[in-house]
Number of protein chains: 2
Amino acid sequence: MTEREATQADTIRLAIESEIFNGSLVPGTSLEEGRLATRFGVSRTPVREAITQLVQAGLISKSAHRRAVVSELDSGTLLDLFEALSELEGSAAFLSTTRMSQAEKKRLVTIHESAADNLRNQEDPNEYAKLGSAFHHGIVRGCHNKILIEATDWLSLRVLPYRRFQVMTPGRLEKNQADHDAIISAIVAGDAEVAREALQRHTLEQGDALMRFIALNKKKPVERLPRAINEEYSV
Amino acid sequence: MTEREATQADTIRLAIESEIFNGSLVPGTSLEEGRLATRFGVSRTPVREAITQLVQAGLISKSAHRRAVVSELDSGTLLDLFEALSELEGSAAFLSTTRMSQAEKKRLVTIHESAADNLRNQEDPNEYAKLGSAFHHGIVRGCHNKILIEATDWLSLRVLPYRRFQVMTPGRLEKNQADHDAIISAIVAGDAEVAREALQRHTLEQGDALMRFIALNKKKPVERLPRAINEEYSV
DNA sequence: GACCGGTAGAGTGTATACAATAGGTCAAAA
DNA sequence: TTTTGACCTATTGTATACACTCTACCGGTC
C-alpha cells in the first residue's frame with residue numbers, strides 16, 4: 001500500500017524495530033530522541049520521524065512532550081491481541097481454503113511436512129519455529145485480500161516483542177504440529193468452515209500458552225530491567 | 001493505546017483528515033508540504049509529521065522523495081477493504097452478543113428504534129445515516145476487545161473518504177433497516193453465530209452497493225479533478 | 001519527427017538552532 | 001520531617017537553513 005525507499009528515517013525505524021524484536025529494547029524502555037540520534041549518527045529529525053512511524057505501528061507509545069516508550073502490553077491487552085488475531089487468521093483460513101491455487105496449497109503442504117520432519121528428527125527448534133510462522137504466513141497470504149493481510153500483519157507485529165518468551169513446555173511442539181495438521185487437512189479437503197475454526201482456536205491457544213509463560217516469568221522481573229537499560233545505553 | 005495531546009502536528013493531521021473525509025481533498029490529490037505549511041501558517045516540520053501519521057493510518061500514500069498523495073483505492077482494494085471489514089465486524093458481533101451488558105444492548109435497541117422512527121416519518125436522511133453508523137459503532141464497542149475495536153476503526157477510517165458517494169437507490173434504506181433488525185434480534189436473542197453472519201453479510205452488501213455507485217460515477221471523471229486542485233489551492 | 005541525455009527548478013530529506021514544556025531539585029515553611 | 005512551591009535543567013516541539021533527489025523541459029542527435 002505504502003511504498004518507501006531507503007531514507008534515513010526508514011533505516012532507523014527498522015533498526016529500532018529489530019531491537020524491539022530481538023529483545024534489546026524491552027517493552028517499557030523509554031527512548032530519548034537525542035540519545036538515539038547520536039547513537040545512529042544522525043540528527044534528531046529522522047529519529048523523530050522513525051518514532052512517529054513506530055507509534056502508528058503500535059510498537060511505541062508516546063504522548064505530547066513526553067518521552068516515547070516501547071509499548072508495554074498488559075495481560076488484558078495481550079489477550080485482546082491474540083483474540084483479535086485469531087479472528088483475523090480464522091477469516092484468512094476460511095477465504096484461503098477456496099482461494100489458494102493448487103501451487104499455493106502444495107507449497108503450504110511442503111512447509112508443513114518439513115516441519116514434521118524437523119520435529120521427528122529432533123532438529124533445530126529455531127528452524128521449526130521459522131517453519132511454523134511460515135505456515136501461518138502462507139495461510140494468511142493465501143486469502144488474496146491485501147487489506148486482511150495488512151491487518152493481520154499489523155497485529156502480528158505487535159505480538160513479536162513477546163515471542164522470544166516462547167519456550168518449550170513438554171509436548172507443546174507436538175500439539176502445535178497436530179493443530180497444523182488439522183488445519184492443512186481442512187484446507188486441502190476444501191472445508192473452509194473447519195479450517196477457520198481450527199486456525200482460530202489454534203492461535204487463541206498459542207496466545208494462552210504465551211501468556212501463561214509470561215505471567216510465570218513476571219514473578220522475577222529483576223533480571224529484565226537492568227539488562228535493558230544497559231543495552232539501550234551501549235554504543 | 002496511544003495518547004496524544006494538542007500539538008500542532010496533531011491539529012494539522014486532524015485538519016487534513018477532515019478535509020479528506022468531507023471531500024475537499026479527493027483521493028488522488030497530491031499534497032505539497034510547503035504549500036500546506038503556509039496554508040496552516042506553520043513550518044514544514046509539523047506538516048511532515050502529520051503526513052507521516054496519515055501515511056501510517058493508510059489515508060495517504062507516499063514514497064521517498066515523492067509527494068504525498070491522498071490514498072486512492074482501486075475497486076479491487078475497496079472490495080478487499082469491505083471484505084476484511086465485514087469479517088472484523090462479524091467477529092465483533094459474535095463477541096458482543098455474549099459480552100454486551102444489558103445496558104449496552106438496551107442502548108443499541110434505542111438507537112435502532114430511533115432509526116426506525118426516522119425512516120417511518122421520512123425525517124432527515126443525514127440523521128438516519130448517523131444513527132446507522134452509531135449502530136455499527138455500538139456493536140463493535142460491545143465486543144470489549146480494544147484491539148479488535150482499533151483494527152475495525154482503522155479499516156472504517158479508510159472507507160470514509162468514499163462514504164460521501166453514498167446515495168439512495170430506491171429501497172436501500174429499508175433494506176438497511178431490515179438488516180439491522182435481523183442483527184439486533186440475533187444479539188438480543190443471544191445467538192452469536194447468527195449475529196456474526198448477519199452483520200458480516202450486511203457490511204459486505206453495503207460495500208457492494210457503494211462500489212457499484214462509484215463505478216457508475218467514475219464514468220464522468222472530468223468534473224472531479226479540476227475541483228480537487230481548485231480546493232487544494234484555495235486558502 | 002522521435003528519442004535521448006543533460007540541465008535547471010521545484011520539492012523532499014536532514015541538520016541545526018530556537019522555543020516551550022515537563023519533571024526534578026532545593027529551599028522554605030508548617 | 002514533611003510538604004509545597006518556585007526555579008532550573010533536560011528533553012521535546014517547531015522553525016529555518018541547507019543538501020540531495022526527482023522531474024520536466026530543452027536542445028541535440030539519429
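Every heavy atom of this structure was used, including side-chain atoms; hydrogens, water molecules and symmetry mates were not. Just so it is clear: chains get the letters A, B, ... in the order the sequence lines come, proteins before strands, and each one is counted from 1.
- Comparing the end axes of the helix from C/dG1-D/dC30 to C/dA30-D/dT1, each fitted to five base pairs by superposing C1' atoms of four pairs onto the next four, gives an inter-axis angle of 20° (nearest 10 degrees).
- Inspection of the B/Asp74 and B/Thr77 side chains reveals an N or O donor paired with an N or O acceptor under 3.5 Å.
- The side-chain contact (heavy atoms from CB on, under 4.5 Å) test applied to B/Thr45 returns B/Ser43, not counting sequence neighbours.
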### Per-nucleotide protein contact string for nucleotides 8-20 of chain C (B base, S sugar-phosphate only, - none; heavy atom under 4.0 Å)
---SBBBBB----
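- Between A/Arg196 and B/Glu87 there is a salt bridge, since at least one side-chain N of the basic residue sits less than 4.0 Å from a carboxylate O of the acidic one.
- If you check the side chains of A/Asn145 and B/Glu83, you find a donor sitting under 3.5 Å from an acceptor.
- Salt bridge B/Lys146/B/Glu150: absent, no basic N to carboxylate O contact under 4.0 Å.
- Between B/Asp153 and B/Arg141 a salt bridge is recorded (basic side-chain N to carboxylate O distance below 4.0 Å).
- Note: A/His202 and A/His180 have perpendicular aromatic rings, judged against thresholds of 30 and 60 degrees for the angle between ring planes.
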